[in-house]
Number of protein chains: 2
Amino acid sequence: MTRRPAHGDLIRTEILALLGSAGPLGRAEIAARLGVGAATVTEHTRRLIGAGFLRELAPHASGAGRPRVPLELVSDAAHVLGIRVAVDHLVGTVVRLDGRIVDEFRLPERVAQSPVRLLTKVVRAEIDARRDTTPVRGVGVAVPGMADPESGVVRLSGIMDWHGLPLGAELARALPVPVLVDNDLRASTTAELLFGMGREHDDFLVLGIGDGLGMGVVLERRVQRGADGSSGEFGHLPVDPEGPDCTCGNRGCLQTLVGQSALLDRARRAGVRLAPDAGPAALVAAAERGEPAVLRLLSEAGTLLGRCVAGVVNVLAVKAVKVIGESHVLWPYLGPSFTASARAGVIEPLKDLSVTVSPWRDTEHARGAACLLLARSGAITRPSAR
Amino acid sequence: MTRRPAHGDLIRTEILALLGSAGPLGRAEIAARLGVGAATVTEHTRRLIGAGFLRELAPHASGAGRPRVPLELVSDAAHVLGIRVAVDHLVGTVVRLDGRIVDEFRLPERVAQSPVRLLTKVVRAEIDARRDTTPVRGVGVAVPGMADPESGVVRLSGIMDWHGLPLGAELARALPVPVLVDNDLRASTTAELLFGMGREHDDFLVLGIGDGLGMGVVLERRVQRGADGSSGEFGHLPVDPEGPDCTCGNRGCLQTLVGQSALLDRARRAGVRLAPDAGPAALVAAAERGEPAVLRLLSEAGTLLGRCVAGVVNVLAVKAVKVIGESHVLWPYLGPSFTASARAGVIEPLKDLSVTVSPWRDTEHARGAACLLLARSGAITRPSAR
DNA sequence: ACCGTTTAATTCGGGCCCGAGTAAACTGGG
DNA sequence: CCCAGTTTACTCGGGCCCGAATTAAACGGT
């Protein structure tokens, strides 16, 4: 049996996130909004002020009573670096304490072969370049595949051909700042918890639609990782025992029906002309042209996806789902049937399930990676964790 | 936003549970087995000894080093009462600290009409009867339907025709001991966490098969409740959009295909002669006679059930499933196909999914109800919570 | 100017968990 | 017989959270 600290030191970060999005607030207001005791806020803000992350503004009297002392986020007091690893490139973001991106870059590195060497090089360069301005306090790495955030080991990443790679430990040895590694979707889920859905919901799902399908699960404000960090394999939900073969060895996994390449294949088979290297944009184009086969295909895919999500929603009783990922561009065509079928498949008290999609770029995963650090503010609050 | 205490005071109970099942152990051994700090064990055992729940045995030297002081559970130091509410009867159990049942009873009361009055009467009688022996320290009530354990409100129980019934609060007012109310499957899930699967696993599912299908979810040693305690509605997983109408208003819910009455219906339609009031036992009899239609039906049901469970397993990455409920008698016929299809539908790292079924009686839900109290040992440790 | 009222923030004690250091109580060897 | 090694248990300080009581700083009215 292993136990994980309760909220981690999430609350300190939530204070930062709240002030980042809502502007300066008094301590009492912070306590109320976060559902946390006043004493807790006093204690945490004391430290955050000490660390230079917060600043007291002039007391502001409003009506009767002792005037509140608004606290303002010193957004640039610390920066963290987030790297998203993809097969053929890296995306990097430098993120402020309030989760906002101050800088981003994209490198055509293929790191599969020697990840530690290349990532070290990239991160070192970035840290050095920022030494004189706001220094980088930590690095988060988001990888495709199963990664255990606790140990920093990438258990299995088919696409990168990594098996049990101790990425976190090796990077930590080579770098002067703390390093956290996690699955890319969970990284973005963490970002959602801090700066997105988490502002309204304690429990929610994050559906990642791309070539694979992933599901981030947040329950009681905790990002669930499952055994060895292997949770969230929504794409391998067994749907149709007679379905197409899947890379995982089974048949009829959800992603063999509604994954990105599955949709392209099925469109082709339905007679739609698509370039061999076509991506979701080509499907969008076809849909915009009004090709009935594509419209039907996407609508059906949305329905199936919605039904599967409804199943998870019923079991976990969450009230909100956020959709992200490369294929979000298809949402105008997937969305209506998705939402309808998800709502239909859900039990009565959950009928008001909220489904949210917002513009998404793949920098988001990199930002998520940075948020892994922010979610453990302890890692960056302490002067030097190294 | 609302926050729930981390483990609750689960650890004190886990110490009791451990000593109950493993016999007397030294403090160091307890700490190691529970994955908890030695200091924590010292502190908790001090209190438990103070409360009379534990007793120090004579130090026992084994090899070098300071001899360990084994701690023994004083099993009968406290009893708790668990009541399972069913449509046409009540099941009650009196449970010791180690989770063992010391007494049980069954009453043909139909409490749907005036639950508070009847339950108060029954519980009062039981408490009074036990006043002179080991007193009852608390009462747990397991109800069918959605119940919020936090507030003690039964949100919705179709079968009892309850809507927003504040059962916990009203019983607490009428009774001299703490009262906890929860959904019946979650109650049994709590029992599993303390005394069953929880001994080996931090994360697991409990599949309840009966007329309805339920799913208890334990992640990181926490029983998940979802929004308003409405989690676990596995039976309403949308499976077949063309399927039979379900009581929930949707079509093709899982339980319209493999629920108890669904199986009976389908057997009848396949030409099997069954009494109008037949239960799962009749299906077992038919299967034992070797009726091919029934065998096929049950095998198919197992396959479907396994596939749905595999989906949940993939998303949450749990490594174990326990099966309980009225229909467990069908397991010899459901089980093989269930296990096969569950394993088949699960991603590689979870292939070693353990599926456990053990003899089950409906007293188990009543025991689960009692375990709700044990899981909050604070409720019974303190001299009088009232 | 001074009093209650109101709201904000802090302190205090408590619960809960941990790790590091320390004390306790044994073993066997010199 | 005492010492070094070993294992157990406890103490202490710390992190983290809370609720209740307390202090702080405004207000309005007299």
Side-chain angles (χ1 to χ4, degrees), chain A residues 1-15 24-51 54 56-71 220-222 376-379 381-382 385, chain B residues 1-15 24-51 54 56-71 220-222 376-379 381-382 385:
Chain A
M1 292 201 224
T2 42
R3 288 160 201 279
R4 191 158 68 119
H7 306 295
D9 33 23
L10 203 63
I11 287 194
R12 249 185 331 251
T13 306
E14 293 202 52
I15 293 174
L25 295 174
R27 292 172 175 84
E29 178 82 14
I30 294 174
R33 292 223 205 173
L34 294 182
V36 144
T40 310
V41 173
T42 295
E43 171 63 16
H44 280 306
T45 53
R46 191 202 321 279
R47 292 208 214 174
L48 289 171
I49 291 169
L54 295 183
E56 283 191 332
L57 298 184
H60 177 68
S62 60
R66 171 175 174 172
R68 69 187 50 152
V69 182
L71 297 172
E220 298 181 349
R221 303 197 74 73
R222 299 155 67 86
R376 301 211 166 281
S377 69
T381 306
R382 278 176 260 286
Chain B
M1 290 199 225
T2 42
R3 288 161 199 278
R4 191 158 67 118
H7 304 295
D9 34 23
L10 202 64
I11 286 195
R12 240 170 357 234
T13 306
E14 294 203 51
I15 292 174
L25 295 174
R27 291 171 175 85
E29 179 83 13
I30 294 174
R33 292 222 205 174
L34 294 183
V36 144
T40 310
V41 173
T42 295
E43 171 62 17
H44 281 307
T45 52
R46 191 201 323 278
R47 293 208 213 174
L48 289 171
I49 291 170
L54 295 183
E56 283 192 332
L57 298 184
H60 176 67
S62 61
R66 171 173 173 172
R68 71 187 49 152
V69 182
L71 297 173
E220 298 181 348
R221 305 197 72 75
R222 298 154 68 86
R376 299 211 169 280
S377 69
T381 305
R382 277 177 262 284

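This one's a predicted model, so the numbers in the text were calculated from it and none came from an experiment. Chain naming here is simple, since letters A, B, ... match the order of the sequence lines and numbering starts at 1 in each.
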Check: dT8(D) base within 3.5 Å donor-acceptor of R66(B) side chain: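 In this structure, the two groups form a donor-acceptor pair.
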Shortest side-chain distance from [X], nucleotide among [options]:
X: T40(B); options: dC16(D), dC18(C), dT11(C); value: dC18(C)
X: R47(A); options: dG15(D), dT11(D), dA26(D); value: dG15(D)
X: V36(A); options: dA25(D), dT11(C), dC18(D); value: dC18(D)
X: A38(B); options: dG15(D), dC10(D), dT11(C); value: dC10(D)
X: P67(A); options: dT8(D), dA25(D), dC16(D); value: dA25(D)
X: A64(B); options: dT10(C), dG5(D), dA9(D); value: dG5(D)

In whole angstrom, what separates [X]'s [atom1] from [N]'s [atom2]?
X: I11(B); N: dG15(C); atom1: CD1; atom2: P; value: 16 Å
X: E43(A); N: dG19(D); atom1: CD; atom2: P; value: 16 Å
X: L10(B); N: dC17(C); atom1: CG; atom2: P; value: 9 Å
X: H60(A); N: dA26(D); atom1: NE2; atom2: P; value: 13 Å
X: L48(B); N: dA9(D); atom1: CG; atom2: P; value: 15 Å
X: E29(A); N: dA9(C); atom1: CD; atom2: P; value: 10 Å
X: I30(A); N: dT10(C); atom1: CD1; atom2: C1'; value: 15 Å
X: L71(A); N: dT10(C); atom1: CG; atom2: C1'; value: 14 Å

Would you classify [X] as touching base, sugar-phosphate or nothing, given that sugar-phosphate means primed atoms plus P, OP1 and OP2, and contacts are heavy atoms under 4.0 Å?
X: G65(B); result: base
X: V41(B); result: nothing
X: A28(A); result: sugar-phosphate

Please confirm whether the shortest side-chain N or O distance from [X] to OP1 or OP2 of [N] is below 4.0 Å.
X: T42(A); N: dA9(C); result: no
X: R68(A); N: dT7(C); result: no
X: R12(A); N: dC16(D); result: yes

Which atoms form the tightest heavy-atom contact between [X] and [Y], and what is the distance?
X: P70(A); Y: A58(A); result: CD-O, 3.4 Å
X: V69(B); Y: L57(B); result: CG1-O, 3.6 Å
X: A31(B); Y: A38(B); result: CB-CA, 4.0 Å
X: H44(A); Y: I15(A); result: CB-CD1, 3.7 Å

DNA chain D: 5'-proximal contact among P59(A) and G37(A) (nearest heavy atom):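 Looking at DNA chain D, the more 5' nearest nucleotide goes with G37(A).
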Criterion side-chain contact (heavy atoms from CB on, under 4.5 Å) against V41(B), the qualifying member of I30(B), I11(B), L25(B):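 Result for side-chain contact (heavy atoms from CB on, under 4.5 Å) with V41(B): I30(B).
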Chi angles and distances behind the side-chain contact (heavy atoms from CB on, under 4.5 Å) call for E56(A), R27(A): CA-CA 10 Å; E56(A) 283 191 332; R27(A) 292 172 175 84; 2.7 Å; yes
